[in-house]
Every structure is written in C-alpha cells, then in structure tokens.
Amino acid sequence: MRAIEPRFPLWTWGLPLLLVVSWGMSLSLGAFKIPPLEMVRILWEAFRGQPGDDVASSVLLSLRLSRVGFGALAGAGLALGGVCMQALFRNPLADPGLMGLSSGAALAAAALTISAGSLPEVMVHPLAIPATAFLGGLFTTGLVYRVSNRGGRIRVESMLLMGIAVNALCGALIGVLLLVADDAQLRNITFWSFGSLGRVGGTAMAGLGVALLPAFVLVWMLRHPMNLLLSGEADAASLGVHVERTKALLVGCSCWMVSLVVAWSGLIGFVGLVIPHITRLIFGPSHRTLVPASLMLGAMFLPLADGLCRTVIAPAELPIGMVTALMGTPFFIYLLIRRGVRA
Amino acid sequence: MMFFEDVRVVKGTRHILDGVTLQTEPGTVTVVLGVNGAGKSSLVRLMSGEWTPTSGSVCWNATPIAHLTPRLLAQQRAIVNQQTELSFDFSVRDVVEMGRYPHRERGASLIVEQALEEMELTRLASMAVTSLSGGERRRVWLARALAQLAEARKEGKGLLVLDEPTAHLDLRHQERLMAQVRTLADEGVSVFIVLHELNHAARIADRVVLMDRGRVVRQGPTAEVMTPDLLSRVFGLRLRQISGFSPRWQPEDVPAELPFFEPESLTLSSGAPYGLISNP
C-alpha cells in the first residue's frame, strides 16, 4: 500500500512566474542574442507605441514575439491534446503522435498540398489545409479508438499496435506523395515530417490563438467528467456522465488542437505524452489541476525547446520535432519499462 | 422503483434477455441468481443506462430511464460494478468524492467522511487506490455508492445495484457488507444484488429472481423461489437444504470480532440452508 504524497497546490504563483521567465528566455535565445534588459526596453518602447528601428527591435518584434507566442499556443494545444487522449483511452501511454492522430493530419495536409494544382480555387484556401488536417486526424483517431475499444473497455495492446499500424501506413503514403511531388512541395512535406516553428508569423499566431481558445475552455469544462471517465465507461455512466457525448467532445477537442498545430508547424511529437505525465507527477492525476497545469507547462516547454533549436547549431536551426522526439522517446521507453515492472 | 416490462435485449443473433418483467421495491433486498450467461449482468447494464432494451421498457418511477438525464438518475441510483479499471493515482478519498458528482458537489464533505467511515476506510483515505488489494478497492467503490446515495437514503428511497459485491471480500467484510445492505433496505432503499453464492442469497434476500438463459424462471419471496428442486434444475447440480431459512438479517448479527467458525461451519454454517451433495 502506498500513500499519496501531498501535491503542490496549483495556486502557488510558481507556475505562472516560470511561464513568464521561460518566455523571456526563449525571446532572448537565438542566432541573434538579445540580453534581458535590452528586451525589456524594446518591449516597453513598443508598448508605448514608439518601437525602435534597430536590428534587435525588429528581430524581437517582427520575428521572435510571434514565434514564441505561436510556440506557447502550440505547446499548450499539444499538451492538452495529450490530456484528452489519455482520458479517452484511460491510459497515460496515449499520445496524439503514437495514436496516429498527428500522422493522419500530416498525410491529409500533404495530400492537399500535392494536389493543390489540380483542385478548384476554394480547396487551396489558406484554411483548407488546417481543415483537411483536422479531418485526417479525426479519421485515424476514430479508427484506433474503434479497434481498441471492446464493449466499453480499452485494450492497451490493441491501442498501441493500431497506432503503430496507422503511423506506418501514413508514413508509407506520405512517401508515395514524395515521389510525385515537385521541389517546392517536397520542401513543404519534409518540413511537415520534422516540424518547425520557423515559418510562422503574426497571422498564424493570431489564427491559432482564436482557433485554440474555445477548445481550451471546453477541455476545462470537461475536467470532472474526464476524472470519472478514468474508472471506466460503465462507471462514469452510473455517476451521471453523458459518456458518449464526453467521448465525442474529447476526440473532437484533441483532433482540433493537434491537427491545427500540425497543419501550421508540422509533426511535433511527444509533447502530448511527456507534459501531462510530468504534470501528474507534480500535481496529481485530477483534471482540475492537470488541465491548467499541463496547459502552462506545454506553453513553457515548446518555446524553450524552440529556443534550443535556434541556438545549438546557430545560425542554422534544428527541426523542433527532432528535439522533442529526442527528449520524448527515452521518456516513453522509461514509462513502458515502469509499467512492465508494476504489472 | 425500477420497473422492467417485457424487456428483450438482442445482440446480433443472441437473445441476451427474453421477455423479462421485474421490479425493485423500496425497503426490499432483491437478489438475482443464475448460472454464468443467464443475463444477470445485463440487467445491471440496463439499470445503468449503458444498454437500452431492444423492446420493452425500463422505467424509474414510471419514467423510461432513456428520458431521464444521466445526472438525475445518478442522484437516486448507484451501481457498483464487478470490475473497476482505474489505473491513475487517485487517493481513496478522491474516488469517494466522485460519488458526489451527480449532486454538483466537489471536494471533501461530511457525507464523504461518513461514507469512508461506514466502509472502514478512514485509515486508508489518503492511500493510492492503485496500491490497494481487490477487496479494499471493492470497499472504496461501495463507499462511493454510499456517498452518491446519501440524500436518497435520508428520504428513504433510491436504488443500490451491486454486481457480485462479495467477490474479493474477506469473510469479515462479507458479513459487514451484508449487514450494511440490510440497514440500507431498512432505511427504505431498494437494493438489487447479483450474487453467485446461494447461502449469501438465502440469508440476505427478501425476494429472489431466478434467471436462466435470458428468462426469469421464477421470482418471489426467498423461501418460495429457493427450493432444492428449482435450484438443482437451474444450476444443473443436486442441492440439498441443510437447515431452514434464518429470520431476516439484522445489523446486530454482525459480531464485533472475527466470526468464529470451524472448518465444517464454513460450508454448513448456521443459517446457511444449502450445501452441495455431489455432481450429478
């Protein structure tokens, strides 16, 4: 028997403070270093409506601010996407990347990019790619869920195996698309499969923010049903949870958040696995704290990882998906081993 | 009062329930008996709203349960399922607090503490449920059901559904559970139990529903349904009545210390009217 350790209460100011500090660090990191005091000056001038015209000002205001903002939103979206998937599958190993959500979204987006030339005007609308990515993610997630859910019980093995199968299939199909792609398309697709925050601007950040905010609110509203769902569908139903509706909302929310991030920044894996897990270790498994804390940790982690990508081989950049995978894979293996030991 | 009228459930080509009519009555312990696959757990699934009948109706106080919101139903009907699959590190108290969800109440409360106390869990309240034994877990879920039904108990109504509640419980907690079930029924709660153990059924039940292959073979007062002939026929074993039926279970029957028993008293304990002779 094991007692639950007292958890950190969320209302400690630590997390929001760390969030601001991490954003500051990420803003100053990169090929062009901006010292903290300098950064405060530039931001203050911009706030007063008199932005400076030096290099540091233009790097910070026109490049880095939107990039860090986008990273924070994307990190929060991916982390909450993981939280939703783990509640839906009632398993801490569930992850949007491992379940095929991300690759389904990437495949759909890549297919639309390749066929853009032969499609009517409306299909190549800037919002068509996120929308297609969403449908692709929804399809693969639905497929994995249907196969691994038998009579209201999730079979973890089926879930992981099905995720592998879907990922392999999507990977192969993306490979086929690469064969028929021209040079520009090839760059696009390669960019998707590694993930990068390097191509986002202020518009993408604003768009992502507007699209993600309702999903964040919805996930927060589902915090209690998610807690109850963890002990099984029959159990949750007996306590008055609309099980089918909650499941549909969870699938919808996670697909929405992850697909949008994938459509704009490519495949960034393992954030949805690692962040909720670390949050659970610190704050406990209740979604009342898991949702806001994962959101903040995600918003903290991705801009920092991106800052690392910009610095390690500066002036060149590492793809961020590579960095998150490098950090996330050992963590996933550790979780698998620990689960084996417990079983 | 939960009322089943001519309920049929067909899954694929299998007739899981075939024309079942029964009801739970306030202040009464109804026990369902039958071999594996007789359709006992399907009744629980219908009561939870997890399944809907292919034909016929399942009503709660004259309203079809499909017309009730899950929350409204959950305020008056609690279910303890046979298996629980929680694999996250919630504490015992967290799980019992979940019983207050249908009442829009969050966090610790007197009701939660009372439920913990009733199931002798106060000492384990801050333990991780994932680290408990099967029997301890079972008690946590029972405590959650008690917290869920706190208001209904005060008003002398409500329905508690238990699927194999004595499985995994040690002898002392089996006895305690049976006494608690009797207390709840005396307060006016309807109790509906799926059981395998005939002797438990004979001691606790006011009414027995005997099921076989999706049909109700017979239902009525315990002594009328639990006859050696009928039970032998349904279970496919020769059974002999060892003693008469004991008077209704009273809470004071519960001994303060571990019950004393000799080896033969385990199978032929006083008040246990049935024993197994041999396979046919």
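Order of the sequence lines fixes the chain letters, A, B, ..., with proteins taken first and strands second; residue numbering starts at 1 for each chain. Hydrogens, waters and symmetry mates are skipped; everything else that's a heavy atom, side chains included, is used.
Comparing S48(B), P102(B), S133(B) by how many heavy-atom pairs each has under 4.5 Å with chain A, the most go to P102(B).
The local environment of CZ in F3(B) is crowded, with over 12 non-hydrogen atoms from other residues, nucleotides or ligands closer than 6.0 Å. No more than 12 heavy atoms of other residues, nucleotides or ligands lie within 6.0 Å of CH2 in W256(A), so this atom counts as exposed by the packing criterion. Crowding of E117(B) atom CD: a count of heavy atoms from other residues, nucleotides or ligands under 6.0 Å not exceeding 12.
If you run side-chain contact (heavy atoms from CB on, under 4.5 Å) between D235(A) and each of M98(B), R144(B), E50(B), only R144(B) comes through.
Atom CZ in R100(B) sits 11.0 Å away from atom CG in L239(A) (nearest 0.5 Å).
Considering every non-hydrogen atom in both H224(A) and Y101(B), the closest pair reads CB-CE1, 3.7 Å. Residues S238(A) and A74(B) come closest through the heavy atom pair O-CB, 3.5 Å.
Looking at V243(A), there are no atoms closer than 4.5 Å to chain B (heavy atoms on both sides), in backbone or side chain. Using a 4.5 Å cut-off between heavy atoms, I79(B) contacts chain A through both its backbone and its side chain. Interface remark: L124(B) contributes side-chain atoms only to the contact with chain A (heavy atom separation under 4.5 Å). Proximity to chain A (any heavy atom under 4.5 Å) is shown, for Q75(B), by neither the backbone nor the side chain.
Looking at heavy atoms from C-beta onward, F90(B) lies out of side-chain contact with S231(A) at the 4.5 angstrom threshold.
The main-chain N or O of H242(A) is never found under 3.5 Å from a side-chain atom of R71(B) such that the two would form a donor-acceptor pair.
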Full working for side-chain contact (heavy atoms from CB on, under 4.5 Å) between R280(A) and D89(B): CA-CA 9 Å; R280(A) 266 192 214 99; D89(B) 260 354; over 6 Å; no
